J.: 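This is the structure I want to talk about, given as structure tokens.
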Amino acid sequence: MKHLLPVLPYSASALEPHIDARAMSVHHDMHHAAYVKALNEALASAPESLHDKSPEWLLLNLAKVPENIRTTVRNNAGGHLNHSLFWRSMSPDGGGAPSGALADAIDQAFGSFEALKTRFDKAGAEHFRSGWVWLVKAPHGHATLQVLTTPGHDTPLTQGYVPLLLNDVWDHAYYLKQENRRPDYLSGGGRSSIGTKLPVAWSAPGTPRKCQWSSPDEKHVPIPPPITARSKLRFP
Ligand SMILES: [Fe+2]
């Protein structure tokens with residue numbers, strides 16, 4: 001099975017002005033596509049038993065991946081998985097604050113939805129170099145919801161955290177529009193002008209673009225203990 005670049009669930013211009021069509025196209029058609037291509041090329045030399053494995057499985061079972069392609073698989077399966085989640089976390093028809101169990105969990109963990117927004121954007125802005133900022137459901141025994149960052153394309157899945165929301169803080173996510181101004185990208189690059197045009201005060205990942213929320217009660221595939229690929233999770 002070859003890994004495939006998922007089709008964007010909306011047009012490249014659907015999230016303008018927050019993400020313009022060119023930035024979206026370059027990000028999806030070039031950067032994400034490159035991760036998929038590199039993953040397939042690496043796996044071509046791997047045992048056949050690995051050919052039908054999902055990116056999640058590969059990341060959770062890196063010890064079973066031949067050592068000579070392990071780093072390549074880690075980086076590119078991570079890039080493929082994270083971007084696939086990222087596209088699906090946004091929608092031109094989504095947006096607004098969550099409700100129900102998720103809203104209650106946010107209030108309990110952060111005090112308010114506004115406090116979560118501030119914390120999420122700040123964590124993304126302060127993350128050094130490339131990586132991702134996440135809202136996660138923590139493993140049993142920890143606070144239910146947490147904000148954390150990961151370097152490169154590492155995913156908190158490998159340590160038992162369930163991603164609910166993510167934002168890409170690699171330069172390639174914003175350099176075409178916001179250049180080196182990551183905080184502008186995270187805050188939507190003009191919250192006041194955007195906020196008056198959209199019925200959302202904040203939508204994720206991390207900006208006033210519209211989002212789709214995952215539920216902390218969503219059923220997920222049981223996650224085995226991590227074997228390798230310990231990521232340097234950072235809790236701001
Ligand atoms: Fe990206």
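Remember, it's a predicted structure, so these values are computed and weren't measured experimentally. One-based numbering, in listed order, for ligands and for the atoms of each.
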J.: Using every non-hydrogen atom in the two residues, find where L116 and V147 come nearest and quote the distance to one decimal.
T.: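 Scanning both residues completely, I find the closest heavy atoms to be CD1-CG2, 3.6 Å.
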J.: How about the Fe ion (ligand 1), which protein N, O or S atoms come within less than 2.8 Å?
T.: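 The answer is H27 NE2, H83 NE2, D168 OD2, H172 NE2.
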J.: Going by ring-ring contact (aromatic ring centres under 6.0 Å, His included), W170 matches just one of H153, H32, H31. Which one?
T.: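 So the option named by the test is H153.
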J.: With sequence neighbours excluded, tell me which residues meet salt bridge (charged side-chain N to carboxylate O under 4.0 Å, His left out) with E56.
T.: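 Partners of E56 under the salt bridge (charged side-chain N to carboxylate O under 4.0 Å, His left out) test: none.
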J.: Do H172 and H27 have ring centres separated by under 6.0 Å?
T.: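 Aromatic pair counts; centres sit under 6.0 Å.
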J.: Below 4.5 Å, heavy atoms only, C-beta onward: do Y161 and K137 meet side chain to side chain?
T.: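 Side-chain contact under 4.5 Å: no.
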J.: For L59 and R74, work out which heavy atoms get closest and say how close.
T.: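 Heavy-atom minimum between the residues: CD2-O, 3.6 Å.
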